[in-house]
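Remarks on the structure that follows.
Residue indices begin at 1 and follow the sequence shown. Values below: every heavy atom of this structure, side chains too, minus hydrogens, waters and symmetry copies.
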Amino acid sequence: MKSSIITGAIFGFLAVALGAFGAHALDGVLDAYGESIWDTAVQYQMFHAAGMILVGILMHPRLIGEASSLKWSFLTMIFGIIFFSGSLYILAVSGIKMLGAITPIGGVLFLIGWTLLAVGVGKSRIY
């Protein structure tokens, strides 16, 4: 639980740092297409960092607890960020179009993570 919240906070911190890096250090380096890709990567990373914090909170023993679906939701969000946002960051700066084939894997992992979160809450006795 605690490590999930800390990990989500670290990914949130990195999203802010990478957003600032993209806006300042990469200003003039990336074309409009690259900037758009970078912004999408930062945005999705931040959404899923918040999702990981939510999962960590729900894992509290007084709420749902450490349900297996919540643990898997947390893990799929981590790997979703790595595959989705990570591939977009690299694509934006390198222009390697083949990385576009990796991005949907991260998107699917995001979808699985949110589904598992819904399943975990749905199976719980809270509410």
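Under the rule for a ring pair (Phe, Tyr, Trp, His ring centres under 6.0 Å), Phe74 has no partner lying at least two apart in sequence or in another chain. The ring pair (Phe, Tyr, Trp, His ring centres under 6.0 Å) check on Trp72 picks up nothing, with sequence neighbours excluded. Among residues two or more places apart in sequence or in another chain, the side-chain contact (heavy atoms from CB on, under 4.5 Å) test is passed with Met46 by Ala15, Val16. Listed by chain and residue number, Thr103 satisfy the side-chain hydrogen bond (donor to acceptor under 3.5 Å, both in side chains) test with Ser87 (two or more places apart in sequence, or in another chain). Residues that satisfy the ring pair (Phe, Tyr, Trp, His ring centres under 6.0 Å) test with Tyr89, not counting sequence neighbours, are Trp38.
Relative orientation of the Tyr44 and Phe84 rings is tilted, given thresholds of 30° and 60° on the angle between their planes. Ring planes of Phe79 and Phe83: tilted class, angle from 30 to 60°.
Between Ile64 and Ser124, the closest heavy-atom pair is CG1-CB, 3.6 Å. Looking at every heavy atom in both residues, Ser85 comes nearest to Ala41 through OG-O, 2.9 Å. In terms of heavy-atom proximity, Ser73 sits nearest to Gly113 at OG-O, 2.7 Å.
No continuous path of ILVMFWY side-chain contacts below 4.5 Å connects Phe47 to Val42, so the two sit in separate hydrophobic clusters. Hydrophobic clustering (ILVMFWY, side-chain heavy atoms < 4.5 Å, transitive): Ile105 and Met98 are in one cluster. Under the 4.5 Å side-chain heavy-atom criterion for grouping Ile, Leu, Val, Met, Phe, Trp and Tyr, Trp114 is connected to Leu116 within one hydrophobic cluster. Neither Val93 nor Leu99 shares a network with the other; the hydrophobic side chains, linked directly or stepwise wherever heavy atoms of I, L, V, M, F, W or Y lie under 4.5 Å apart, form separate groups for each. A continuous path of Ile, Leu, Val, Met, Phe, Trp and Tyr side chains, each step under 4.5 Å between heavy atoms, connects Val108 with Ile102, placing both in one hydrophobic cluster.
Identified under the side-chain hydrogen bond (donor to acceptor under 3.5 Å, both in side chains) test for residues 7-17, with sequence neighbours left out: none. Listed by first then second residue, pairs satisfying salt bridge (Lys or Arg N to Asp or Glu O under 4.0 Å) with a partner in residues 86-110 number zero, not counting sequence neighbours. Pairs passing the salt bridge (Lys or Arg N to Asp or Glu O under 4.0 Å) check and including a residue from residues 67-79, sequence neighbours excluded, read Glu66-Lys71.
Within the hydrophobic cluster formed by Ile, Leu, Val, Met, Phe, Trp and Tyr side chains joined at under 4.5 Å, directly or through other members, Leu111 stands alone, with no partner residue.
Aromatic pair Phe11/His48: centroids not less than 6.0 angstrom apart.
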Let me have the donor-acceptor pairs involving side chains of residues 22-37, under 3.5 Å, with sequence neighbours excluded, atom names and distances please.
| unit_1 | atom_1 | unit_2 | atom_2 | d |
| --- | --- | --- | --- | --- |
| Asp31 | OD1 | Tyr33 | N | 3.3 |
| Asp31 | OD1 | Gly34 | N | 2.7 |

Less than 3.5 Å apart, which donor and acceptor atoms pair up between the side chains of residues 49-63 and the rest of the protein, not counting sequence neighbours?
| unit_1 | atom_1 | unit_2 | atom_2 | d |
| --- | --- | --- | --- | --- |
| His60 | ND1 | Arg62 | N | 3.0 |

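Taking the side chain as every heavy atom from C-beta outward, Met77 and Leu109 never approach each other to under 4.5 Å. Side-chain contact between Phe110 and Ile81 is present, with at least one heavy-atom pair separated by less than 4.5 Å.
Note that CD1 of Ile112 and OG of Ser69 are 13.5 Å apart. Values are rounded to the nearest 0.5 Å.
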